[in-house]
Amino acid sequence: MKPALTEQILTILAEIPPGRVTTYGRIAAMTEGATPRMVARALRELPSGHELPWFRVITASRRLADHGGADEQRRRLIDEGVAFDARGRVAKERLWP
DNA sequence: TGTCTGACTAAAC
DNA sequence: CGTTTAGCCAGAC
């Protein structure tokens, strides 16, 4: 039987390479039926202490989603070498896959 | 069961 | 490029 959507989402999340990013919609499309909102929910529900790269998930317009951890997210991406342009967008070459 | 909400998106201006 | 709008669908109440 197919794994729960949440499990599929987290499995995909764990495969995003360092220095690369992907979008809510792309992750959703890789699962068997999840929607971008479900991906967002899955990230929000992540327990603290996990080691999944939640900060490598951005919006379809390649900006950071609006949430409380956006500042930390931007910092961690920059630490990995992901740059933001003057309008706060990530270069599309950084998209994974 | 009905209504509201949200770490989203695509389309229309 | 920005703002708005409708669609989306699983949780919380």
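Reckoned from all heavy atoms, side chains included, excluding hydrogens, waters and symmetry mates. To find a chain, count down the sequence lines: A is the first, B the second, and so on, and within it residues start at 1.
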Taking side-chain hydrogen bond (donor to acceptor under 3.5 Å, both in side chains) as the definition, give me every residue that meets it alongside A:T11, ordered by chain and number, with sequence neighbours left out.
none
Protein-nucleic acid N or O pairs under 3.5 Å, nucleotides 10-13 of chain C:
from	atom 1	to	atom 2	distance (Å)
C:dA10	N3	A:R41	NH2	2.9

Kindly write out the residues that satisfy side-chain hydrogen bond (donor to acceptor under 3.5 Å, both in side chains) with A:H67, not counting sequence neighbours, or none if the list is empty.
A:Q73
Under 3.5 Å, sequence neighbours excluded: what are the donor-acceptor pairs made by side chains of residues 38-55 of chain A?
from	atom 1	to	atom 2	distance (Å)
A:H50	ND1	A:L52	N	3.0

Those residues that, when tested against A:T35, pass side-chain hydrogen bond (donor to acceptor under 3.5 Å, both in side chains) (two or more places apart):
none
Separation of the P atoms in B:dA12 and C:dC8, to the nearest angstrom:
15 Å
What pairs with A:R56 under salt bridge (charged side-chain N to carboxylate O under 4.0 Å, His left out), at least two apart in sequence or on another chain?
A:E80
Can you give the donor-acceptor pairs under 3.5 Å from side chains of residues 21-29 of chain A to other protein atoms, not counting sequence neighbours?
from	atom 1	to	atom 2	distance (Å)
A:T22	OG1	A:W96	O	2.8
A:T23	OG1	A:R26	N	3.0

So the salt bridge (charged side-chain N to carboxylate O under 4.0 Å, His left out) pairs with at least one residue in residues 70-79 of chain A (sequence neighbours excluded) are A:E72-A:R76
Run the side-chain hydrogen bond (donor to acceptor under 3.5 Å, both in side chains) test against A:E15 and tell me which residues pass, sequence neighbours left out.
none
Detail all sub-3.5 Å separations between protein N/O atoms and N/O atoms belonging to nucleotides 2-4 of chain C.
from	atom 1	to	atom 2	distance (Å)
C:dG2	OP1	A:R63	NH2	3.4
C:dG2	OP2	A:R63	NH2	3.0

Show each protein N/O and nucleotides 9-13 of chain B N/O combination with a separation under 3.5 Å, one pair to a line.
from	atom 1	to	atom 2	distance (Å)
B:dT9	OP1	A:Y24	N	3.4
B:dT9	OP1	A:G25	N	3.1
B:dT9	OP1	A:A60	N	3.4
B:dT9	OP2	A:A60	N	2.9

Residue pairs passing the salt bridge (charged side-chain N to carboxylate O under 4.0 Å, His left out) test where at least one lies in residues 85-97 of chain A, sequence neighbours excluded
none
Quick one: A:H50 NE2 to B:dA7 C1', roughly how many Å, whole number?
12 Å
What integer distance in Å separates A:L5:CG from C:dC8:P?
17 Å
Under 4.5 Å between side-chain heavy atoms, counting indirect links through other Ile/Leu/Val/Met/Phe/Trp/Tyr residues: same cluster for A:L5 and A:I12 or not?
no
Nearest whole Å is fine: how far is B:dA7 C1' from A:F55 CZ?
15 Å
